[in-house]
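The next block holds one structure in the form of structure tokens; read it before the comments.
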Amino acid sequence: MEFPRHLLELETLTRAQIEALLGLAGTFKRERARARSGEAGPDRRGLLRGRTIVTLFFENSTRTRSSFEVAARALGADVLSFQKEASSVAKGESLEDTVRNLDAIGADALVLRHPAAGAPRLVARAVKASVVNAGDGAHEHPTQGLLDALSLRERWGTLEGKTVAIVGDIAHSRVARSNIHCLTKLGARVRVGGPSTLIPLGIEKLGCTVAKTLREALTSADAVMALRIQNERIADARLPGARDYARTWGLNARTLEMLPQGALVLHPGPVNRGVELSSDVLDGPRSLVMDQVDSGVAVRMATLALCLRAEVAA
Ligand code: CP
């Protein structure tokens, strides 16, 4: 099984490639947990020693940038955190010229978040370095889809035959697209639901079904993933206000009763507390949210190791 040199999207990854990455990420996650409890384990800092990883985020991030940087350092790489505001982008330098210069400086991998869908593919054509998509517009956020799958697979053993509901702003969500591709390739059924103005026409073509109400989305689901209502777009008259959204699509102690006992709750973050999730649900026993963040470091270690052809001994 060959893994691609660039991770641009999950749509074109095979199930075998996804499973190989999740297997390696699971190993890294267990090793990190053992190390935190003081147990000795393999030192992975030789895997990318001497390699340089550049993180370029043209949109804000807490989880993704931090965890890629922690992951790169855990593998022994040097990390260069490109700051758009302090760079020559502020003087008008284009994205393509920027990445060509970082390539010439010696970057081995560029981890790119950009508001334009397709920007990582454009960059991959312009550079010798590996390119990892850390979220491009409303297209994909592949490592988010992978880390969600890792957290679910650890709980269930397999995703085969499971039903996952994805609820919220599907129209603007790269997380929804990556999750639909990843979960269906791994054998799960995906239902999406949300206010009708936030469900894109033809989304079923990606292999999911559409639920018209929260009850329809949650009934018999094994897990629900709530997506952020994008407050930056809330001025748009077609979108519901936060209060309306919380009343009809928010997850709280009352609406959680629509889910089977034991079903899990996920959210990629950042969470608008009291809108997509009430605090008791976010911080409650069914929530996988902090475990998702933990999976993120391991998935990003595995992504960098595979894209950069590190020789990993199990
Ligand atoms: N889930 C996610 O992408 O979070 P950040 O925007 O904080 O990276």
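If you're wondering where the values come from, they're calculated on a predicted model, not measured in any experiment.
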Is it true that atom CZ of R215 has more than 12 heavy atoms of other residues, nucleotides or ligands lying nearer than 6.0 Å?
no
What pairs of residues pass the salt bridge (Lys or Arg N to Asp or Glu O under 4.0 Å) test when at least one of them lies in residues 78-90, not counting sequence neighbours?
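Of all non-adjacent pairs touching residues 78-90, none passes salt bridge (Lys or Arg N to Asp or Glu O under 4.0 Å).
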Going by the salt bridge (Lys or Arg N to Asp or Glu O under 4.0 Å) test, which pairs reach into residues 277-304, not counting sequence neighbours?
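For residues 277-304: K29-D291, R32-D294, R36-D294, R273-D283.
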Residue pairs passing the side chain to side chain donor-acceptor pair (under 3.5 Å) test where at least one lies in residues 48-58, sequence neighbours excluded
T55-R65, T55-E69
Show every side chain to side chain donor-acceptor pair (under 3.5 Å) that has at least one partner inside residues 126-136, sequence neighbours left out.
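Residue pairs with at least one partner in residues 126-136: N133-D136, D136-H139.
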Looking only at atom types and distance, does a side-chain atom of E31 sit under 3.5 Å from a main-chain N or O of G41, one as donor and one as acceptor?
no
T303: which residues meet the side chain to side chain donor-acceptor pair (under 3.5 Å) condition with it, sequence neighbours left out?
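Partners of T303 under the side chain to side chain donor-acceptor pair (under 3.5 Å) test: none.
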Could you check if a side-chain atom of [X] sits within less than 4.5 angstrom of a side-chain atom of [Y], using non-hydrogen atoms only?
{"X": "P268", "Y": "Q144", "result": "yes"}
{"X": "R15", "Y": "L186", "result": "yes"}
{"X": "V132", "Y": "F68", "result": "yes"}
{"X": "L110", "Y": "V99", "result": "yes"}

According to salt bridge (charged side-chain N to carboxylate O under 4.0 Å, His left out), who are the partners of R191, at least two apart in sequence or on a separate chain?
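Salt bridge (charged side-chain N to carboxylate O under 4.0 Å, His left out) list for R191, sorted by chain: empty.
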Flag for H141-R113: side-chain donor and acceptor within less than 3.5 Å:
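Judged by distance alone, the side chains do pair up.
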For the residue pair T255 / E257, report whether a side-chain donor-acceptor contact shorter than 3.5 Å exists.
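Checked: E257/T255 side chains show no N/O donor-acceptor pair below 3.5 Å.
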